[in-house]
Amino acid sequence: MKFFRVSDRKGIILAAGKGTRLYPVTSSLNKHLIPVCDKPMIYYPLSTLMLCGVRDILIITTKSSINLFKQLLGDGCQWGINIKYKVQEKSEGVAHAISLGEEFVGDKEVVAILGDNIFHGSDLVSFLRAADSASEGATVFAYPVKDPRRYGVVNFDDNGNVMNLEEKPSDFKSKYAITGLYFFDNSIFNRIRALNYSSRNEIEITSLNSSYLRDGLLKIEIMSRGMAWFDAGTFDSLKDTSTYISSLQLRQGLKVGCPEEISWRQGWIDDYQLVKLADQLISSGYGDYLFGLLEGK
């Protein structure tokens, strides 16, 4: 099965968080390099962007971690993509981190994803591509959660219209959390410049999304029950995510978040290049899976 597609949109992965909810593990290691099942966490948001057809990707990270990411991912040419890197010197919020990619994005639209957010489901690709097709405004995704107090939350009126967005509300009115995947048009950078710092001394992503909402340019897509979203930023969620992915892979014999497979199915690398990648990974069993793709073709 091939799914050829290339998006004109630029991608940004936000991987500069301190990961304090995973201390002491992350006191000396960027959390986005922690293994989730059989892959580094960063592989999953990277794969999400690749599934959308995005080939130009900027990773925002810390000064202490940038060389580790470069060692792991390189410039992306092995997967037929282009990866650049940028350091966020000071933690000033998600919207601020996205603003660091202005030169990289240029006059294109942008899709940004939090480096610890993992998505899966049969409808995921259609969701991504529908959002990617919109050239004006912003599209974000909402997902029902048991405890919305950890997230930005979208509130609806009785007719299902979006009323407002709230950041980590203590008294929540809605169970729909905004996930860490955002599609924006090119007005994003002017919008960020117009935002004020919050009480947490951050430029909040909720404030950015709210600016689109005020202009009638925010689209909220609710992810269905057949889709999975994990914020793998705590020990419990990290364990749940690994268990979910491990169970799927053992049951189906198909990998989740495999950039080698995605790039091959997209036609960005050929069979020979896939074999070269498989050879390098043969001792872990990961390479066997890649060879199996060719045998099953």
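The shown structure was predicted, so the numbers you read here are calculated from the model rather than taken from an experiment.
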Query raised in the report: Relative to each other, are the rings of Tyr244 and His120 parallel, tilted or perpendicular (30° and 60° limits)?
Result: perpendicular
Query - Heavy atoms from other residues, nucleotides or ligands near NZ of Lys219 exceed 12 (cutoff 6.0 Å) - result: no
Report task. Tell me, please, which residues at least two apart from Arg55 pass salt bridge (charged side-chain N to carboxylate O under 4.0 Å, His left out). Result -> none
Requested in this report: Please check if the side chain of Tyr85 supplies one atom and the backbone of Gly74 the other of a donor-acceptor pair under 3.5 Å.
Outcome: yes
Query - For Tyr44, all residues meeting ring pair (Phe, Tyr, Trp, His ring centres under 6.0 Å), sequence neighbours excluded - result: none
Query raised in the report: When the ring planes of Phe183 and Phe141 are compared, do they come out parallel, tilted or perpendicular, using 30° and 60° as the limits?
Result: perpendicular
Query raised in the report: Can any side-chain N or O of Gln249 pair as donor or acceptor with the backbone N or O of Val256 at less than 3.5 Å?
Result: yes
Query raised in the report: Within a radius of less than 6.0 Å around CD of Gln252, do more than 12 heavy atoms belonging to other residues, nucleotides or ligands occur?
Result: yes
Report task. Locate the shortest heavy-atom distance separating Cys52 from Leu128; write the atom from each residue and the value. Result -> SG-O, 3.8 Å
Report task. Check Ala130 against Ser133 and note the closest heavy-atom contact, atom names and distance. Result -> O-OG, 2.6 Å
Requested in this report: Please round to the nearest 0.5 Å and tell me the distance separating atom CD1 of Ile205 and atom OH of Tyr182.
Outcome: 5.0 Å
Query raised in the report: Ser174 side chain to Val154 main-chain N or O, any donor-acceptor pair under 3.5 Å?
Result: yes
Query - Expected output: side-chain Asp185 to main-chain Glu109 donor-acceptor under 3.5 Å - result: no
Query raised in the report: Quick one: which of Leu49, Val110, Val54, Val111 gives a side-chain contact (heavy atoms from CB on, under 4.5 Å) with Ile12?
Result: Val110
Requested in this report: Scan Ile83, Leu46, Ile66 and name whichever one has a side-chain contact (heavy atoms from CB on, under 4.5 Å) with Ile59.
Outcome: Ile83
Requested in this report: Please name the pair of heavy atoms, one in Cys258 and one in Tyr289, separated by the smallest distance, quoted to 0.1 Å.
Outcome: SG-CE2, 4.3 Å
Query - Heavy-atom donor-acceptor pair, Asp123 side chain to Met227 backbone, under 3.5 Å - result: no
